[in-house]
Amino acid sequence: MIINKNYICKIATVDEMETKWNSEIKKHKSDNWKTWKTESIERVRNGQSIAYYGVLNGKIICEATAMLDKSIVQNGDDLADDKTAYLCAFRTIEKYRGKGCFSKLFLFMIDDLKSKGYEKVTLGVEPSETENLKIYRHLGFDEFLKSAQETYPDGTIIDVDYYGMDLL
C-alpha cells in the first residue's frame, strides 16, 4: 500500500486549487473545465463548498469536494442542507488508483464533515458507471435517493442516480 508518512490529506487552499484546476484544464480540452474551475474556487471562497486533497510527496494525487449549499447542487433537494453535504469531483491520478489513497482521503473528509455537524452525505453517479457505483456502495452509499438529469456548462445532459449515507 502506498499510504505512508509522505501522504497527507488536507483541506485545499485556493492557491492549491488554482494549480490543480490548471492541470485539469490542460488535460481536458473541453471548456467545461474552465467553468468548473471558476465555480469551484468561488464556492470555496464563499464557504459553500470544501475541496479536499490527498497529497503524496508534495503532489496532489486525489481529490474530492463537499458541496454544502443545495443552491449550488443540480437537483439539490434532498442532496444538501445544513446537515447534509453533497460529495463530488472524486478524482485520483490513474497510477495511484487501488492503493488506498482515495479511501484515506474519503475517511478524512467524512471525519471533517462530522466534526462540522453533518449527519449525512450524498453523491451522484451515472447509471453506466457500474464500477464507480460498486465503490460507492462499498463506502456505504446504500440509500437510493432519486434519479434525475444534470446539465454540463456546454449543454451536455447526463442521467444521474443519487445515493446517500448516514454519518451517525
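For the numbers below, each heavy atom of this structure counts, side chains included, while hydrogens, waters and symmetry mates do not.
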task = For D69 and S71, test the side chains for any donor-to-acceptor distance below 3.5 angstrom and give the result as yes or no.
result =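 Yes, side-chain donor-acceptor contact under 3.5 Å.
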query = Among side-chain atoms of D142 and Y163, is any donor-acceptor pair under 3.5 angstrom?
reply =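 No, because no side-chain N or O of D142 sits under 3.5 Å from a partner of the opposite role on Y163.
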ask   = For K26, does the NZ atom have more than 12 heavy-atom neighbours from other residues, nucleotides or ligands under 6.0 Å away?
value =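 Count not over threshold, so no.
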request  = Please indicate whether R137 has more than 12 foreign heavy atoms, meaning atoms of other residues, nucleotides or ligands, lying under 6.0 Å from its CZ.
outcome  =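 Yes, the 6.0 Å shell around CZ holds more than 12 heavy atoms from other groups.
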query = Could you walk me through whether E39 and T35 pass the side-chain contact (heavy atoms from CB on, under 4.5 Å) check?
reply = CA-CA 6 Å; E39 291 173 349; T35 301; 3.6 Å; yes
Does [X] use its side chain to pair, donor to acceptor, with the backbone of [Y] at less than 3.5 Å?
X	Y	result
Y7	C101	yes
S115	D112	yes
D166	L168	no
N32	D154	yes
E16	T13	yes
Y86	G124	yes

Which heavy atom of [X] sits nearest a heavy atom of [Y], and at what distance?
X	Y	result
L79	T84	O-CG2, 3.4 Å
W21	S40	NE1-OG, 3.4 Å
L113	L87	CD1-CD2, 3.9 Å
I93	I60	CD1-O, 3.3 Å
P127	D161	CG-OD2, 3.5 Å
A85	Y118	N-CD2, 3.8 Å

Is the shortest distance from a Lys or Arg side-chain nitrogen in [X] or [Y] to a carboxylate oxygen in the other one below 4.0 Å?
X	Y	answer
E18	K37	yes
E24	K20	yes
K134	E131	yes

task = For L68 and Q48, run side-chain contact (heavy atoms from CB on, under 4.5 Å): C-alpha distance rounded to whole Å, both residues' side-chain angles, the deciding distance at 0.1 Å, then the answer.
result = CA-CA 5 Å; L68 312 175; Q48 295 173 296; 5.8 Å; no
message = Does R91 qualify as a cation-pi partner of W33, given the criterion of NZ or CZ under 6.0 Å from the six-membered ring centre and within 45 degrees of its axis?
response =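 Geometry flag: not set, cation outside 6.0 Å or 45°.
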Distance in Å, Q74 CD paired with M67 CE, rounded so as to fall on 0.5 Å steps =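 So the gap between those two atoms works out to 9.0 Å.
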State, with a plain yes or no, whether a side-chain heavy atom of [X] is found less than 4.5 Å away from one of [Y].
X	Y	value
Y162	N75	yes
Q149	V160	no
V121	I110	yes

query = Under the side-chain contact (heavy atoms from CB on, under 4.5 Å) criterion, do I50 and K116 qualify, and how do the steps go?
reply = CA-CA 12 Å; I50 304 168; K116 290 173 169 51; 3.7 Å; yes
request  = Please step through ring-ring contact (aromatic ring centres under 6.0 Å, His included) for the pair Y136 and F90, ending with a clear verdict.
outcome  = CA-CA 11 Å; Y136 302 151; F90 293 0; 5.6 Å; yes
ask   = For F102 and R97, what are the C-alpha separation, side-chain angles and deciding distance, and is it a side-chain contact (heavy atoms from CB on, under 4.5 Å)?
value = CA-CA 8 Å; F102 184 81; R97 292 180 188 159; over 6 Å; no
